[in-house]
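Step one of this worksheet: look at the structure below.
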Amino acid sequence: MNIQYKPFDLIDTIRDNNLSYTHSFTKKVTTADANVEKLQDKAESFRKSVKKLKRYSPGGISREMLTDQAEDLVKSYNAMKNSSDLVTDKDVQKQLSKLDKLFSDNERTLRKAGIEKLNGKYTFDRAAFAEASEKTINTLFTGHDSLVGKADKILRNVEETTDDIQYVTSEYNVSSTLKYEEKDMLTAEYSTIAGQATSTLKLIPSGALSDSSMRDSVRDLLQLFSKSAYRTNSAGKNENIDKLNQLCLDQKDRLAKLGLTFDSGQKNMIFDANVDMTTADFQNTYNELFGKNAAFGNTVIQYSKNVFNDIIKPDQIGVSIIDAQA
């Protein structure tokens, strides 16, 4: 869950941290397990040799070709076993143990075919295999219950279990620091003031302006609006600031009725605190610009949020903003 901040609290935090914000987070990285991939490669080679011998039928191929295939079976099995030591997954090891047992259970038949286990590895005697009986050969290579038939079933399970653990997701604690400039903090601050002043104005209906204390409140808010919503010194640096400035200029005739005017060079918006708020013209215009559903006020609020987000980049620093402009 992201840390939550009110806009001004986040700005203060950034200033207190030497105009920077450090975001600590957990990053997940998925990588392939090299040991598993090596085992997969060797198991695939062994399975290919198994499949070749599963197709054996008496008289189908020469004894010399069968000898080559049987020797390849032994070599690829040894290679697979050698690559399995670094894979500790219990399900994988369970299937490999079944293969070990399968070979052990057929030890006598294998020996008759010149295949014998010495120092943990199987050796292959070509001369002995060439002299092996058809019964021995069939026991090893013919039918579903033969050694290669059963080995193929186990190898399917080896393939499935290694696929399940091929990729490993690791979590790392990392941190990232985003640097800011004071002039940008000031712009974010002003945009927040503009949005909050507008939000508050929208909560005060024109009918309440008959009360002098309400008029004082609106007067203060319009003063804040004039100083924060129109910022030509930041123009051209941010698209949303430019849009907000243009929005104000597009409404300058109606804003003038509220005492909000622009200087001769349109560099600043100025508020006339002496404007009469009790007239129908003021109150009608006030409703048009800052009424509950007024498009102008809603757009000012949205552009103000956009400016803040453009500068502070909450998503990049892992925070969420408590909307004070709702």
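Bear in mind the structure is a predicted one, so any value in this text is a computation, not a measurement.
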message: Among residues at least two apart in sequence or on other chains, which ones pass salt bridge (Lys or Arg N to Asp or Glu O under 4.0 Å) with Glu160?
response: none

task: Looking only at non-hydrogen atoms, find the nearest pair between Pro7 and Ile321 and report the distance.
output: CG-CG2, 3.8 Å

field: Any Glu107 side-chain heavy atom under 4.5 Å of Glu116 side chain
entry: no

task: Indicate the atoms forming the closest heavy-atom contact of Ser206 with Asn287, along with that distance.
output: OG-ND2, 2.9 Å

query: Between atom CD of Gln251 and atom CG of Leu255, what is the distance when rounded to the nearest 0.5 Å?
result: 6.5 Å

- prompt: Are Ile270 and Leu260 connected, step by step, through hydrophobic side chains (Ile, Leu, Val, Met, Phe, Trp, Tyr) whose heavy atoms are closer than 4.5 Å?
  reply: no

- prompt: Does Met185 CE have over 12 foreign heavy atoms under 6.0 Å away?
  reply: yes

task: Could you list the residues that satisfy side chain to side chain contact (heavy atoms under 4.5 Å, CB included) with Ser97, not counting sequence neighbours?
output: none

- prompt: Can you list every salt bridge (charged side-chain N to carboxylate O under 4.0 Å, His left out) pair that touches residues 78-95, not counting sequence neighbours?
  reply: Lys81-Asp100

task: Classify the angle between the aromatic ring planes of Phe129 and Phe124 as parallel (below 30°), tilted (30 to 60°) or perpendicular (above 60°).
output: tilted

- prompt: Judged by modelled atom types alone, do Thr177 and Thr22 share a side-chain donor-acceptor pair under 3.5 Å?
  reply: yes

task: Taking the side chain as every heavy atom from C-beta outward, state whether Thr187 and Val307 have any pair of such atoms under 4.5 Å apart.
output: yes

field: Single-linkage hydrophobic cluster, 4.5 Å side-chain cutoff, Tyr167 and Val87 together
entry: no

task: List the atom of Leu102, the atom of Ala151, and the distance in Å for their closest heavy-atom pair.
output: CD2-N, 3.5 Å

- prompt: Does Asn245 reach the main-chain N or O of Arg231 with its side chain, forming a donor-acceptor pair under 3.5 Å?
  reply: yes

- prompt: Should we count CD of Glu131 as having more than 12 external heavy atoms under 6.0 Å?
  reply: no

field: From NZ (Lys52) to CD1 (Ile61), nearest 0.5 Å
entry: 10.0 Å

Donor + acceptor pair across side chains of Gln302, Asn306 (<3.5 Å): yes

Residue pairs, two or more places apart or on separate chains, that pass side chain to side chain donor-acceptor pair (under 3.5 Å) and touch residues 257-271: Asp263-Asn268

statement: Minimal heavy-atom distance between Ile204 and Met214, with the atoms involved, is CG2-SD, 4.2 Å

message: So does Ala280 get a backbone contact from the side chain of Asn284, meaning a donor-acceptor N/O pair under 3.5 Å?
response: yes

Check: Asn17 side chain, Leu19 main-chain N or O, donor-acceptor pair, under 3.5 Å: no

task: Could you walk me through whether Leu140 and Val148 pass the side chain to side chain contact (heavy atoms under 4.5 Å, CB included) test, one step at a time?
output: CA-CA 6 Å; Leu140 295 176; Val148 293; 6.0 Å; no

message: Could you tell me if Ser191 and Ser304 have a donor-acceptor pair between their side chains, going purely by distance under 3.5 Å?
response: no

message: Has Gln223 got a side-chain atom pairing as donor or acceptor with Asp272's backbone, closer than 3.5 angstrom?
response: no

message: Can you pull out every salt bridge (charged side-chain N to carboxylate O under 4.0 Å, His left out) where at least one residue sits in residues 283-302? Sequence neighbours excluded, please.
response: Arg254-Glu288

query: What is the ring orientation for Phe290 with Tyr286, classed by angle as parallel under 30°, tilted 30 to 60°, or perpendicular over 60°?
result: tilted

task: Determine, using the 4.5 Å side-chain heavy-atom cutoff (strictly less than), whether Leu73 and Met65 are members of one ILVMFWY cluster.
output: yes

Gln316 side chain to Leu178 backbone, donor-acceptor under 3.5 Å: no

- prompt: Which residue pairs pass the salt bridge (charged side-chain N to carboxylate O under 4.0 Å, His left out) test with at least one member in residues 201-217, sequence neighbours excluded?
  reply: Asp216-Arg219

message: I'd like to check the ring-ring contact (aromatic ring centres under 6.0 Å, His included) partners of Tyr122; sequence neighbours left out, ordered by chain and number.
response: Tyr77, Phe103

- prompt: Looking at residues at least two apart in the chain, or sitting in another chain, which of them share a side chain to side chain contact (heavy atoms under 4.5 Å, CB included) with Leu224?
  reply: Ile193, Ala197

- request: Enter the distance from Ser45:OG to Asp72:CG here, rounded to the nearest 0.5 Å.
  value: 8.0 Å

query: To which residues is Tyr172 joined in a hydrophobic cluster, defined by side-chain heavy-atom contacts under 4.5 Å among Ile, Leu, Val, Met, Phe, Trp and Tyr, whether direct or through other members?
result: Phe25, Val29, Val174

field: Residue pair Leu209 / Met277: nearest heavy atoms and the distance that separates them
entry: CD1-O, 4.0 Å

- request: Scan for salt bridge (charged side-chain N to carboxylate O under 4.0 Å, His left out) pairs involving residues 132-143, sequence neighbours excluded, and state none if there are none.
  value: Arg63-Glu134

task: Would you please name every residue forming a side chain to side chain contact (heavy atoms under 4.5 Å, CB included) with Ala128, sequence neighbours left out?
output: Asp125

field: Ile3 with Tyr180, same ILVMFWY side-chain cluster at under 4.5 Å
entry: yes

task: Please check if the side chain of Thr13 supplies one atom and the backbone of Asp9 the other of a donor-acceptor pair under 3.5 Å.
output: yes

query: Under the salt bridge (Lys or Arg N to Asp or Glu O under 4.0 Å) test, which residues partner Lys51, sequence neighbours left out?
result: Asp152

field: Pairwise side-chain contact, Asn18 with Lys179, heavy-atom cut-off 4.5 Å (strictly under)
entry: yes

query: Val36 pairs by side chain to side chain contact (heavy atoms under 4.5 Å, CB included) with which of Thr161, Val92, Thr162?
result: Thr162

message: If you define the side chain from C-beta out and look only at heavy atoms, does anything of Thr278 sit under 4.5 Å from Ser210?
response: no

task: Show the numbers, then the answer: is there a side chain to side chain contact (heavy atoms under 4.5 Å, CB included) between Leu10 and Tyr21?
output: CA-CA 9 Å; Leu10 180 54; Tyr21 190 93; 3.9 Å; yes

task: Look up atom CD in Glu239 and atom CG in Asp310, then write down how far apart they are to the nearest 0.5 Å.
output: 8.5 Å

- prompt: Looking at Phe225 versus Tyr230, is the centre-to-centre ring distance below 6.0 Å?
  reply: no

task: Identify the two heavy atoms, one from Glu64 and one from Arg126, that lie closest to each other, and give their separation to 0.1 Å.
output: O-NH2, 4.4 Å

field: same_hphob_cluster(Leu86, Val168) at 4.5 Å side-chain heavy-atom cutoff
entry: no

Sidechain-backbone polar pair: Thr198 side chain, Ile301 backbone, donor-acceptor under 3.5 Å: no

task: Drop me the distance from Thr279's OG1 to Phe282's CZ, to the nearest 0.5 angstrom.
output: 7.5 Å

Inter-residue atom distance Leu249.CG - Thr232.OG1, 0.5 Å rounding: 9.5 Å

- prompt: Just checking, any donor-acceptor pair under 3.5 angstrom between side chains of Glu37 and Gln166?
  reply: yes

query: If you measure only the distance, is there a donor-acceptor pair under 3.5 Å linking the side chains of Thr139 and Thr136?
result: no

